[in-house]
Number of protein chains: 2
Amino acid sequence: MLEMNQESCCDVIHQEAIDDCTEQDLTESVVEGVSETFKALADPTRIRILYNLSKRELCVCDLAEVLGMTQSAVSHQLRYLKALRLVKNRRDGNTIYYRHDDAHTMGLLQMAIDHSSHVNEEEVDKK
Amino acid sequence: MLEMNQESCCDVIHQEAIDDCTEQDLTESVVEGVSETFKALADPTRIRILYNLSKRELCVCDLAEVLGMTQSAVSHQLRYLKALRLVKNRRDGNTIYYRHDDAHTMGLLQMAIDHSSHVNEEEVDKK
DNA sequence: TGAGTATATGAGTATTTGTTCATATAGGGG
DNA sequence: CCCCTATATGAACAAATACTCATATACTCA
């Protein structure tokens with residue numbers, strides 16, 4: 001029994017293209033995984049945290065100082081990043097030091113940063 | 001005159017680390033650009049749209065069919081992607097065909113997809 | 001020109017998200 | 001043990017976001 005297609009908006013559907021797409025379509029878990037990764041990288045604060053942690057280990061307080069943000073805001077973001085295993089930490093007395101923990105995601109970030117820096121330079125050159 | 005540091009949360013600041021970070025810090029425009037790119041890639045619908053458009057040109061209606069979403073929802077996302085120049089379109093009569101238009105961003109997406117697919121396969125293997 | 005079709009868009013809405021504020025937790029030193 | 005400091009966390013709130021619904025636009029064909 002054919003399902004009703006309630007979403008259809010036109011009669012002339014390119015059936016072959018649709019069949020191809022359906023066949024090659026991404027699994028839901030892959031889409032969710034990709035989305036989760038990019039969501040983590042989609043916020044300016046998290047970008048700056050990860051970028052700085054890619055250079056060196058830093059404690060929460062240092063990060064707050066560098067970013068000019070409250071300790072609480074930074075700590076919330078670190079918890080988020082840790083849940084995704086993008087950062088890890090170690091304790092030394094009262095101080096907790098964070099560092100990056102996911103080479104693949106850091107690679108994506110670095111690529112985007114390099115590209116954006118490059119584009120920005122070109123735009124400056126034009127002026 | 002030194003600025004008051006209202007954000008400070010601790011006395012023992014690692015001044016050297018902070019100086020290093022401040023020196024190497026990303027410009028605001030780079031952070032904004034990177035964030036904009038990753039935001040575009042952070043949504044499951046847009047991931048699937050871009051992925052399908054990386055394979056072949058598709059009209060709005062085909063996309064709606066493949067994604068199982070309304071024409072309106074797809075059209076809104078296409079407008080978003082077009083504003084960022086991640087896709088472009090051409091008209092053929094009433095039909096408007098979209099295709100991808102940013103090799104760098106599509107490269108980031110493909111890398112993340114490959115990685116996620118790989119991770120998923122490994123997880124399946126373990127079971 | 002007028003009806004029909006594919007796409008675009010504005011307003012409204014429910015959800016998600018990033019921050020603040022207040023407070024809790026946990027380790028260090030007297 | 002008590003106080004101090006660094007970090008974590010829960011609740012609340014404002015802003016951003018992705019969708020729906022109704023309708024507008026732009027093109028085709030007769």
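So that the names make sense, note that chain A is the first sequence line, chain B the second, and so on, each numbered from 1. Quick caveat, the model's predicted, so the values are computed rather than measured.
Note that CE of A/M106 and CG of A/L86 are 8.5 Å apart. Values are rounded to the nearest 0.5 Å.
Pairing partner, D/dA30: C/dT1, with both Watson-Crick or wobble hydrogen-bond distances short of 3.5 Å.
Considering only side-chain atoms of A/T95, the nucleotide from D/dT20, D/dA6, C/dA8 that sits closest is D/dA6. Of the candidate nucleotides C/dT17, D/dC19, C/dA8, C/dA8 has the atom lying nearest to any side-chain atom of B/N89. Between D/dC19, D/dT7, C/dG18, one nucleotide has an atom nearer to the side chain of B/T45 than all others, and that is D/dC19. Comparing D/dA22, C/dT7, D/dC19 by their closest approach to the side chain of B/C61 singles out C/dT7. Of the candidates C/dG27, C/dT7, D/dA22, the closest approach to any side-chain atom of A/N94 belongs to C/dG27. Distance from the side chain of A/R79 is smallest for D/dG10 among the nucleotides C/dT17, D/dC19, D/dG10.
Using a 4.0 Å heavy-atom distance criterion, A/K82 is classed as making no nucleic acid contact. Among the heavy atoms of the strands lying under 4.0 Å from A/Y98 are primed sugar atoms or P, OP1, OP2 only; no base atom is included.
Looking at B/D25 and A/R48, a side-chain N of the basic residue comes within less than 4.0 Å of a carboxylate O on the acidic one, giving a salt bridge. Salt-bridge check for B/R56 with A/D20: passed, with a basic side-chain N closer than 4.0 Å to an acidic carboxylate O.
Summarising the geometry, the separation between CZ on A/F38 and C1' on D/dT17 is reported as 19 Å, rounded to the nearest angstrom. Rounded to whole Å, the distance from CG on B/L78 to P on C/dA6 is 16 Å. Taking atom CD of residue A/Q71 and atom C1' of nucleotide C/dA26, one finds them 13 Å apart after rounding to whole Å.
The base of C/dC21 sits with one of its N or O atoms less than 3.5 Å from a complementary donor or acceptor on the side chain of A/S72.
For the pair B/H76 and C/dT9, the ring geometry qualifies as stacking, because the centroid separation is below 5.5 Å while the planes lie within an angle under 30°.
B/L58 and A/A17 get closest at one heavy-atom pair: CD2-CB, 3.8 Å.
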